[in-house]
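All values below were derived from every heavy atom in this structure, side-chain atoms included, with hydrogens, water molecules and symmetry-related copies excluded.
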Amino acid sequence: MIDKKKNTPKLSFNSLWIYIPIALLFIGLSFFNSGNIGSKKLSENEFFDILKENDISNILIVNKSYAEIYIKEKATNKEAHKKFANSPFYRKGAPLYTYNFGDLQNFEKELKEAKSSYQLSFDKNNDTKTSLLDSVISFLPFILLIVIWLFFMRRMSGAGGAGGAGGQIFNIGKSRAKLFDQDTKVKTTFKNVAGLEGAKEEVQEIVDFLKSPEKYTKLGGKIPKGALLVGPPGTGKTLLAKAVAGEAGVPFFSLSGSDFVEMFVGVGASRVRDLFKQAQQKSPSIIFIDEIDAIGRARGKNSMTGGNDERENTLNQLLTEMDGFGTDTNVIVLAATNRADVLDKALMRAGRFDRQIYVDLPDLHERREIFEVHIKPLKLAVDVDLEFLAQQTPGFSGADIANLCNEAALIAARNNKNSIHHQDFLDAVDRIVGGLEKKNKVITPKEKEVIAFHEAGHATVSWMLEHAAPLVKVTIVPRGQSLGAAWYLPEERKIVQTEQMLDEMCATMGGRAAERLIFDKISTGALSDLEKVTRQARAMVTIYGLNDKVGNITYYDSTGNDSFVKPYSDDTAKTIDQEISKIIEGQFQRAIEILKVHKDKLTLLAERLLEKEVIFKDDLVKIFGSRPFEKNNPQEEIKKTIKEE
């Protein structure tokens, strides 16, 4: 820990290093205070030689384990003892020698026999005391265990104290929420949140509740207890909460659902109580619990372990604090999760989370706004087309777009450019969606030819179908796990009709159809294509009711409770399998017929792919002309002009 005022190291009792010098000092003092410091240990022969010389005045047996040997005063002048008696480590009055005799009974017997045989004069005393050093050494393992236990308990409890209240083991039940108030102001505002207009309106109203509650309470209304942000990962749920913290101007407590989880029983419920106690003391205030599904899972499921019971106790305490007996406080709870289906029903009811705000993936217009936010710190070239980039990124979340902008900047820097160009963004899209480019991957010429015709088949069929997505780029450069890819510019649709799904399936089967038409063989390269069309065909038959034979019926269960139960008979299952196969085979034959008509152009497109490896929409226009169903078809305009003339 560093003292900010003096910029000097400051000792902390949470550090293990402070205990080590104390332990060493204690051992050192014990050692130097011991009575036999500087005494020489004697071997058995040395002891009996000194004994026979009658130089010993007293033998003190300590703790029945060793003997302290005191020499007669006149014998200390002998050369054998003088060098030890004059040693700087020897302390006057201490025993000059020590001797570990082993068995006490045998030692006493030997002393008695020697005393009578050699007419010796010495005293023998028994001392049952234990030396301080021996005591310390015997208890040293226990002392070390206690020191280590104190260290970890302080670390564990010190990390959990809110507002710096750490360092005591009793603080382990304190809330771990981070407090944001006027001293730690959050800089994120609603201006930093692009798109999400509906969600922003909902949370802005919550901020308005806290800023001017009398506006609503004077009409008899009550401030909502909580709002739950639900949506896919990366759509901006936590960012919205940050914006609320920056806009509200009231104390904002932020923490994760996992912050309530601890190894000790009752800690989670204690932290919930402490969190709401702090929020009530600073009311009006906001509590934000990110990833609330960590403690908010439905109770009574898979309750096989004690840990599950502890989580349920934490959830019960949260339910009580949010809407229990006597919880009339100006505390609003915001929570975020991308797994609302697993939350407990008691947590989801009105009175706890009055509002559920769905934060969906951004549409075309919202993606453009998100791009405008994330390109502000970037140095862009004039050729960057944000509208095209928004069209090129369907299904991207806000986090994905932020990653895309950063990846484009890295690509431009890698190529030593002074600014980020439009092509850098397209390369970033390829890198994120398709994976890393692998130009050095070993592919035989025959395999490369098959891949070229496969991708050319996709491009040809999609170019000729009205409802298929228009092509942007085709490549046979391996990326990630794919050996080739075709990039499209999909249309933003809220609903999809049968003809549109069939055209998309036909374009998907175009690659496999091209292999059959050109080589009269098919390969395993169309696995992802088959997976996609099978999923689409099954959805048409069993979910959306778009098949005449099965009828206007769906077997989709949005609750997910019947995932292991087949909701139809064996006869219906047989019919479903037949209709799925019929749809797929029909679109496969349709793709072959289209390619037969344009076989020469298909071959030309594949040859150009083999030559250039990457081709764009302009290359397809040169080979095929404009798409036949487009209103501004230049070929149709030329024919019309000739007829008029």
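- Using a 4.5 Å cut-off on side-chain heavy atoms (C-beta onward), Ile375 and Val384 make no contact.
- Look at Glu205 and Arg355 and you find a salt bridge, because one of the NZ, NE, NH1 or NH2 atoms lies within 4.0 Å of a carboxylate O, short of that distance.
- By the ring-ring contact (aromatic ring centres under 6.0 Å, His included) test, His374 is found to be paired with no residue, residues two or more places apart in sequence or in another chain being considered.
- Using modelled atom types, one side-chain atom of Glu515 and one backbone atom of Ser523 make a donor-acceptor pair closer than 3.5 Å.
- Contact detail for Ala452 and Ile476: the closest heavy-atom pair is CA-CG2, 3.8 Å.
- More than 12 heavy atoms of other shown residues, nucleotides or ligands fall within 6.0 angstrom of atom CZ in Phe190.
- Every pair tested for side chain to side chain donor-acceptor pair (under 3.5 Å) that includes a residue from residues 594-609 fails, sequence neighbours excluded, so the list is empty.
- The two atoms that bring Ile357 and Ala227 nearest to each other are CD1-CB, 4.1 Å, heavy atoms only.
- Nearest heavy-atom pair across Ala456 and Leu609 is N-CD1, 4.1 Å.
- Looking at Ile576 and Tyr555, their side chains come closer than 4.5 Å, going by heavy atoms from C-beta outward.
- With sequence neighbours excluded, the residues forming a side-chain contact (heavy atoms from CB on, under 4.5 Å) with Val373 are Ala194, listed by chain and number.
- Applying the side-chain contact (heavy atoms from CB on, under 4.5 Å) rule to Ile411 yields the partners Glu407, Arg414, Asn415, Asp424, Asp427, Ala428; only residues at least two apart in sequence or on another chain are considered.
- With rounding to the nearest 0.5 Å, the separation of OG1 in Thr542 from CD1 in Ile553 is 11.0 Å.
- Within the structure, ring-ring contact (aromatic ring centres under 6.0 Å, His included) contacts touching residues 334-365 (residues at least two apart or in different chains) do not occur.
- Among residue pairs with one or both ends in residues 356-366, none qualify as salt bridge (Lys or Arg N to Asp or Glu O under 4.0 Å); sequence neighbours excluded.
- Between the Lys237 side chain and the Ala335 main chain, no donor and acceptor come within less than 3.5 Å of each other.
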Fill in: Working for side-chain contact (heavy atoms from CB on, under 4.5 Å), residues His458 and Asp529
CA-CA 10 Å; His458 283 306; Asp529 298 336; 3.1 Å; yes
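- Screening residues 381-415 for ring-ring contact (aromatic ring centres under 6.0 Å, His included) gives Phe388-His422 as the qualifying pairs, with residues at least two apart or on separate chains.
- By the neighbour-count criterion of 12 heavy atoms within 6.0 Å, atom CG of Asn552 is sparsely surrounded, having that number or fewer from other residues, nucleotides or ligands.
- A side-chain donor-acceptor contact under 3.5 Å links Arg367 to the backbone of Thr393.
- Atoms CG and CZ, on Leu389 and Arg368 in that order, are 9.5 Å from each other to the nearest 0.5 Å.
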Q. For Ile206 and Leu334, what are the C-alpha separation, side-chain angles and deciding distance, and is it a side-chain contact (heavy atoms from CB on, under 4.5 Å)?
A. CA-CA 10 Å; Ile206 291 175; Leu334 285 179; 4.0 Å; yes
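- In terms of heavy atoms, Ile580 sits closest to Ala537 at CG2-CB, 3.9 Å.
- At least one side-chain heavy atom of Leu361 sits under 4.5 Å from a side-chain heavy atom of Ser397.
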Distance-only donor-acceptor pairs under 3.5 Å for side chains of residues 498-514, two or more places apart:
from: Gln500; atom 1: OE1; to: Gln497; atom 2: N; distance (Å): 2.9
from: Asp503; atom 1: OD1; to: Arg590; atom 2: NH1; distance (Å): 3.0
from: Asp503; atom 1: OD1; to: Arg590; atom 2: NH2; distance (Å): 2.8
from: Asp503; atom 1: OD2; to: His467; atom 2: N; distance (Å): 3.1
from: Glu504; atom 1: OE2; to: Arg493; atom 2: NH1; distance (Å): 2.7
from: Thr508; atom 1: OG1; to: Glu504; atom 2: O; distance (Å): 2.8

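- The backbone N or O of Val621 lies less than 3.5 Å from no partner atom in the side chain of Trp463, so there is not a single donor-acceptor pair.
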May I have the step-by-step check of side-chain contact (heavy atoms from CB on, under 4.5 Å) for Thr238 and Phe288, ending in yes or no?
CA-CA 9 Å; Thr238 306; Phe288 173 61; 4.2 Å; yes
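- For the atom pair CD1 of Ile401 and CG of Asn406, the computed distance is 14.0 Å after rounding to the nearest 0.5 Å.
- Checked by atom type, the side-chain pair Asp259/Ser256 shows no donor-acceptor distance below 3.5 Å.
- Interatomic distance, OG1 of Thr460 versus CZ of Phe624, reported as 3.5 Å (0.5 Å rounding).
- Within the 4.5 Å cutoff, side-chain heavy atoms of Leu343 are placed close to those of Leu228.
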### Task
Could you please spell out the steps behind the side-chain contact (heavy atoms from CB on, under 4.5 Å) verdict for Arg535 and Lys532?
CA-CA 5 Å; Arg535 186 169 58 249; Lys532 180 180 178 182; 4.2 Å; yes
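- Taking 4.5 Å as the limit, every side-chain heavy atom of Gln204 sits out of range of all side-chain heavy atoms of Glu247.
- Looking at heavy atoms from C-beta onward, Val474 lies out of side-chain contact with Leu605 at the 4.5 angstrom threshold.
- With sequence neighbours left out, the ring-ring contact (aromatic ring centres under 6.0 Å, His included) criterion links Phe616 to no other residue.
- In this structure, Cys405 and Phe371 approach most closely via the heavy-atom pair SG-CD2, 3.8 Å.
- Across every non-hydrogen atom of Ser569 and Thr572, the tightest pair is OG-OG1, 3.1 Å.
- The distance from the CD atom of Glu455 to the CG atom of Leu610 is 11.5 Å, given to the nearest 0.5 Å.
- Between Met322 and Leu347 the shortest side-chain heavy-atom distance falls below 4.5 Å.
- In this structure, the separation between OG1 on Thr534 and CD1 on Ile583 is 11.0 Å, given to the nearest 0.5 Å.
- For Arg516, the side-chain contact (heavy atoms from CB on, under 4.5 Å) criterion is met by Asp520, Ile522, Phe588, Ile592, not counting sequence neighbours.
- With sequence neighbours left out, the ring-ring contact (aromatic ring centres under 6.0 Å, His included) criterion links Phe453 to Phe519.
- Between Glu613 and Lys448 there is a salt bridge, since at least one side-chain N of the basic residue sits less than 4.0 Å from a carboxylate O of the acidic one.
- Residues passing the side-chain contact (heavy atoms from CB on, under 4.5 Å) test with Ala346, sequence neighbours excluded: Arg299, Leu319, Asp344, Arg352.
- Lys200 places a side-chain heavy atom less than 4.5 Å from the side chain of Leu240.
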